[in-house]
Amino acid sequence: MSLTILAIESSCDDTGAAVVRDGLLLSNITASQDVHKRYGGVVPELASRAHQQHIVPVADTALKEAGVQPEELSAIAVTLGPGLMGSLLVGVSFAKGMALSLGIPLVEVNHLQGHVLAHFVRTPNDTRPTPSYPFLCLLVSGGNSQIIRVEAPDKMDILGQTIDDAAGEALDKCAKIMGLGYPGGPIIDRLARQGNPNAFSFAKPAIKGLDYSFSGLKTSFLYFLRDQLKEDADFITKRQADLAASFERTVVEILMQKLDRAVRETGIRQVALSGGVSANTALRAAFLDRQDHKGWTVFIPPFAYTTDNAAMIAQAGYYKALAHDFCPLDKPAYARTII
Ligand code: KG4
């Protein structure tokens, strides 16, 4: 019997809906929220209000684009957490309401597991290879930096993670300190392409094991600029591209040093990249370099599945629905968790 799932994602500032049938993606709709740009970061209350405006048209469009009637759905999958509580509640309430009214089961998805399983999202004509288990996944976003050992869709172990800021957060803060826009990651990426990555050096953390830390780098950058601005008030404007390139290089080196070590320690050479920061040009290049020179097989998903999206939630939900792993309708959303 065919398994058709509508998935809903609303954990942060993107409202997403996607339809997957028997493991193949039929539609994937995302409504982003420009309202946060002028505040330099996501404003939770504005995010949940925007989700309320977007959720019905986004879900409706996903169903129409897939050519699926609500009555054909087998289950509703939804991101139950982690994320911003006000944002999650909109998607979770919508998904529960729909499951209840259609008399079909609800499937809960952990947002971070969704990011990892983005590597298995396939459209009907898509022949990209998928990772085989076990593989390592570097999950780097605005809220997370983790190295995950993936044994199966429902078995993931975190080998290391940030003890303070996430990599994306560090890039966003670097852009903010330089007076650039939000989100800063793509702006730093663009500027860095015109700069010298070795122009400046910033402090790198000495953290044990496979954990990360990015708060020291941010402070080092801030103090460096403070000192330079005393000498030359136009320093940032004059050296913007070099600053972006040097900061980006440091972030990528920090990420890759620990990942190299994880590959050495586990002996697993299939390595996947996930999360919003995986759009970064230098990080992608570092992955491809490992593939060319260290014998890794790397998996980098298309841009549409790297930032927050419902396609990855649909894929994760599909695996759970196959296993009849359903969720009671009274299970609440959660803001924080580990995989
Ligand atoms: O996974 P994601 O969409 O969601 C959250 O974690 O909220 O990741 C967003 C993060 C932001 O920090 C953003 O600056 C970063 O991904 N990002 C990038 C690039 N595109 C997005 N960072 C570096 N280079 C990029 N091209």
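Just so you know, these numbers use all the heavy atoms, side chains as well, and skip hydrogens, waters and symmetry mates. Numbering of ligands and ligand atoms starts at 1, following listing order.
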Engineer: Using distance alone, with no hydrogens and no angle criterion, decide if T30 and D14 have a side-chain donor and acceptor under 3.5 Å apart.
Structural biologist: no
Engineer: Below 3.5 Å, N or O to N or O, backbone or side chain included: is there any such pair between G275 and ligand 1?
Structural biologist: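 No - when backbone and side-chain N and O of G275 are compared with those of ligand 1, no distance drops under 3.5 Å.
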Engineer: Closer than 4.0 Å to some heavy atom of G168 - which atoms of ligand 1 meet that?
Structural biologist: 12 (O)
Engineer: I need the atoms of ligand 1 closer than 4.0 Å to a non-hydrogen atom of G143, numbered in the order shown.
Structural biologist: 6 (O)
Engineer: So which heavy atom in the protein is nearest atom 22 (N) of ligand 1, and how far is it from that ligand atom?
Structural biologist: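 Atom 22 (N) of ligand 1 sits closest to the protein heavy atom G185 CA, 3.4 Å.
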Engineer: Among all protein heavy atoms, pick out the one at the shortest distance from atom 10 (C) of ligand 1; state its residue, atom name and that distance to 0.1 Å.
Structural biologist: G142 N, 3.5 Å
Engineer: Show the atoms of ligand 1 that are less than 4.0 angstrom away from any heavy atom in A279.
Structural biologist: 20 (N), 26 (N)
Engineer: Could you check atom 17 (N) of ligand 1 against the protein and tell me its nearest heavy-atom contact, residue, atom and distance included?
Structural biologist: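 Looking only at protein heavy atoms, the one closest to atom 17 (N) of ligand 1 is G276 O, 3.6 Å.
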Engineer: Under a 4.0 Å threshold between the charged nitrogen and the carboxylate oxygen, would K294 count as salt-bridged to D289?
Structural biologist: no
Engineer: Would you check whether T307 has a nitrogen or oxygen atom less than 3.5 angstrom from a nitrogen or oxygen atom of ligand 1?
Structural biologist: no
Engineer: Please name the pair of heavy atoms, one in K320 and one in E108, separated by the smallest distance, quoted to 0.1 Å.
Structural biologist: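 Closest pair (atom of K320, atom of E108, distance): NZ-O, 3.0 Å.
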Engineer: For ligand 1, is there an N or O atom under 3.5 Å from any N or O atom of L171?
Structural biologist: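 No, no N or O pair falls under 3.5 Å.
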Engineer: Would you say ligand 1 has an N or O under 3.5 Å from any N or O of P183?
Structural biologist: no
Engineer: Would you call D157 and K155 a salt bridge, taking side-chain N to carboxylate O under 4.0 Å as the test?
Structural biologist: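 Yes, this pair counts.
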Engineer: Check each of D189, D172, N280 against atom 13 (C) of ligand 1 and report the one with the nearest heavy atom.
Structural biologist: D172
Engineer: Any donor-acceptor pair under 3.5 Å linking the side chain of D164 with the backbone of S215?
Structural biologist: yes
Engineer: Considering both backbone and side-chain atoms of C12, is one of its nitrogen or oxygen atoms within less than 3.5 Å of a nitrogen or oxygen in ligand 1?
Structural biologist: no
Engineer: Could you check whether any heavy atom of R190 sits closer than 4.0 Å to an atom of ligand 1, since that is the contact criterion I want to use?
Structural biologist: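 No.
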Engineer: Flag this pair as yes if the NZ/CZ of R284 is under 6.0 angstrom from the six-membered ring centre of F303 and inside a 45 degree cone about the axis; otherwise no.
Structural biologist: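 That pair qualifies as a cation-pi contact.
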Engineer: Does one hydrophobic cluster hold both I177 and L180, with members joined at side-chain heavy-atom distances below 4.5 Å?
Structural biologist: yes
Engineer: If you measure from atom 15 (C) of ligand 1 to every heavy atom of T281, D308, V277, which option wins on shortest distance?
Structural biologist: V277
Engineer: Would you mind telling me if ligand 1 is within reach of the side chain of E248, the backbone, both or neither, using heavy atoms under 4.0 Å?
Structural biologist: neither
Engineer: I need the atoms of ligand 1 closer than 4.0 Å to a non-hydrogen atom of H115, numbered in the order shown.
Structural biologist: 1 (O)
Engineer: Can you find a side-chain donor-acceptor pair between D13 and H51 that sits under 3.5 Å?
Structural biologist: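 No, because no side-chain N or O of D13 sits under 3.5 Å from a partner of the opposite role on H51.
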Engineer: Between R264 and D260, does any NZ, NE, NH1 or NH2 come within less than 4.0 Å of an OD or OE carboxylate oxygen?
Structural biologist: no
Engineer: Around K208, counting heavy atoms of other residues, nucleotides and ligands shown, do more than 12 lie under 6.0 Å from its NZ?
Structural biologist: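 Counting neighbours around NZ of K208, 12 or fewer heavy atoms of other residues, nucleotides or ligands fall under 6.0 Å, so no.
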